[in-house]
Amino acid sequence: MNAVVLSDVLRDPRVWQGPRHAQPAVEPTGHALLDDALPGGGLPVGSLVEVLHEFDGTNELTLLLPLIARVSRMQHRIVFVNPPYIPYAPAFVSAGVDPACMHTIQDCGDESLWAAEQALRSSTCALVACWPRQASDRQLRRLQLAAEGGRAIGVVFRPARMAMTTSPAAVRLRAGVRGIEVLKCRGGNARARSVPLSSVARC
Amino acid sequence: MLWAAILLPDLALDAVRRSGADPDSPIALIDGPPQRRIVQSCTAPARKAGVHAGQALAAARALLPNLIALPDDPKRTQGLRDVLVAWAYRYSGEVAWIAADALVLEVGGSLGLFGPWPEFERRLRAYLIELGVTHGIALAPLPRAACVFAACRDGFGVAGADAMRRALRRVPLSLARLPDVSLLTSMGLRTLGEVLDLPRAGLARRCGEDFLAQVDRLVGRLADPLPRYRPPDRFEARIEFDAELRSMEGLQFPLKRLIGDLCLFLAARDGGVDTVEIGFGHDERAPTTITLRSPAPERDAMQWFGLLRLRLERLLLPAPVSSVRLLANDLPPFVPVARNLFDTASTAALSWPQLVARLEARLGDGAVKTYLPAADHRPESAFTTDASASARIITGPRPVWLLPRPVPLRDRAPRILSGPERIESGWWDGRQASRDYYVLETSVGQRAWAFRPAGAIDGPWLLHGWFA
């Protein structure tokens, strides 16, 4: 019996291998450990990312800062919708962000989901971060679709207790004092459940 | 060139009729000092009774006691003239008032689009009849000749230069629209042809160079530049409602019509607009006015209506609406966006300024902020939304979140990670800050930026930011 090597079979054009899933484009977060943990090596472009955190000031923005800095230096726009506090420009500048590319819509309350959807859908923003007062499954699905349509990354910040509910987001992360926990990621299992963020990246 | 002339002999009266007067009532327009009112023009019923232009009002009243005498209002007439000239501009780029009562438009270039001349003429007439304006229309290769034909025989049209000259020769001198011809008629001249046959030098000596120039322009011996009409740099339209409207849904339709009119107007003058003002009139109340802004000159009705609808969703009207008015004052030139033929971007794609316009239409002007660092040591003054500022002074750790105003830190025993950093500044503008800032870690592990009054060793912490 001839030994057949699997790789030779696969090379044969007559062998149909089913539709290959195109690897979605990703944007690395800039945190090496987190990028290693995520399938594809970063946050998928054109999808919604959910960041859950219990308290303010526990790494939830540190997670995004390198990405924001890189995107802004490419002169792509970033929109903060309804952030809980004022994004403090000097701190962003020292993190390497070009502040001219970072826009904020403050205190829009119930309109925050609408505004985030508009910004995502417009395909002029690379990243839209939204702090909705509350968001239902349907509303998050709308954001997910808008992110797909606009080829942007949407980030929704929600309280940690929402980890118990289902979500249409492609990636769900929980930010905490010790680091980032990957709760869900589309396209494969996370290679590590929990990753520490390097303390250098903080602040 | 082929010119159509529209002669409007009764414009002032037409304007009165249009403003709602009964056309069958005897109306006379009067002018002159109060002691001696003179009839300027009158309607057919009045004319039948013997009233005529130039008559004293007292005499007219004696003939017709129920004559309605109205003062001649130049503004009202001008309003109708504006409507007519804007309408004529739709058919031709060269439109001019050749005289106070005659509008000419170059139609040679428009015939291909609006059809052979009889069809074109029918279009023009249909509108004038609908408007209720007394008119005469004629066609000739020269604008003044066309006017003369319109006065002589309504509907006369001649395209060739020779035929026009032959026809002009037969025109009675009294209808040739020339200044004072009494001298020539007293000389026994009856038609324009006879005048044209006179020796030029003699004619100039008797009637003046001006008269000769007029004749030359009429027959085309002298160039005849006309002040070409340019559409105004302003658009205003208004719809009055018979009954007051209470619902927003009811307002959508008239507003859509107004915006449609505006965009048609903009298309006609090949322009755009970036600011539109919409006023809602109320009975016994000052009108509510909203202003819509577009990032770039725009003339797409859907785009404008989209912005308006977002605005209406938020708008609370204090009273029912009795009229709406749309005003566009500044009409900059329109530069359409160049798109790639094979553009794959989705139809929902907007440019950044368009997105900002849409967001601000719903969330209020200035809703989209861009915070830039500012040269100030006080944390609350170290950022600005003013794009002209470009300084940065950063010392020590700064949090990504800044609280709009400091609040007491609710934590029993925060751990001091670093500090103090003294910030003492601002004595010059009355908002002096004198604080010692620390980076703290709260009992749940948050990193806080908090301060105490300068020099204080203990006491409550005031939280000013989070290192998130």
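To find a chain, count down the sequence lines: A is the first, B the second, and so on, and within it residues start at 1. Values below: all heavy atoms of this structure, side chains included; hydrogens, waters and symmetry mates excluded.
Nearest heavy-atom pair, V400(B) versus F92(A), reported as atom, atom and distance to 0.1 Å: O-CE1, 3.6 Å. T124(A) and W352(B) make their closest contact through CG2-N, 3.5 Å (heavy atoms, listed as atom of the first residue, atom of the second, distance). Residues V177(A) and V444(B) approach most closely at CG2-O, 3.3 Å, considering heavy atoms. Listed here is the closest heavy atom pair of P373(B) and P99(A): CD-CG, 3.7 Å. In terms of heavy atoms, A468(B) sits closest to T62(A) at O-OG1, 2.7 Å. In terms of heavy atoms, C125(A) sits closest to L355(B) at SG-CD2, 3.8 Å.
Note on P379(B), A448(B), G465(B), G364(B): by heavy-atom pairs under 4.5 Å with chain A, the leading option is P379(B).
Here the NZ-OG1 distance, from K369(B) to T104(A), works out to 8.0 Å after rounding to the nearest 0.5 Å. Atom CG of L363(B) and atom CD of Q118(A) lie 9.5 Å apart (nearest 0.5 Å). Taken from OH in Y85(A) to NE2 in H464(B), the straight-line distance is 12.0 Å, to the nearest 0.5 Å. Rounded to the nearest 0.5 Å, atoms CZ (R447(B)) and CG (N59(A)) are 8.5 Å apart. Going from atom OG1 of T370(B) over to atom CZ of R77(A) covers 8.0 Å, rounded to the nearest 0.5 Å. For the atom pair E60(A) CD and Q446(B) CD, the distance stands at 9.0 Å (nearest 0.5 Å).
Both the backbone and the side chain of L403(B) have a heavy atom closer than 4.5 Å to some heavy atom of chain A. When heavy atoms are compared at a cutoff of 4.5 Å, V79(A) approaches chain B solely by way of its side chain, counted from C-beta outward. With a 4.5 Å cut-off on non-hydrogen atoms, L359(B) touches chain A through its backbone and its side chain both. Of the two parts of L463(B), neither the backbone nor the side chain holds a non-hydrogen atom closer than 4.5 Å to a non-hydrogen atom of chain A. With a 4.5 Å cut-off on non-hydrogen atoms, A146(A) does not touch chain B at all.
Looking at heavy atoms from C-beta onward, M102(A) lies out of side-chain contact with Y371(B) at the 4.5 angstrom threshold. For the pair F467(B) and D56(A), the minimum side-chain heavy-atom distance is 4.5 Å or more. Here the side chains of I86(A) and F383(B) are in contact, with some heavy-atom distance below 4.5 Å.
Surrounding CD of E277(B) are more than 12 heavy atoms belonging to other residues, nucleotides or ligands, all under 6.0 Å away. More than 12 heavy atoms of other residues, nucleotides or ligands sit less than 6.0 Å from atom CH2 of W428(B).
Below 30°, between 30° and 60°, or above 60°: for Y88(A) and W449(B) the angle between ring planes is between 30° and 60°, a tilted geometry.
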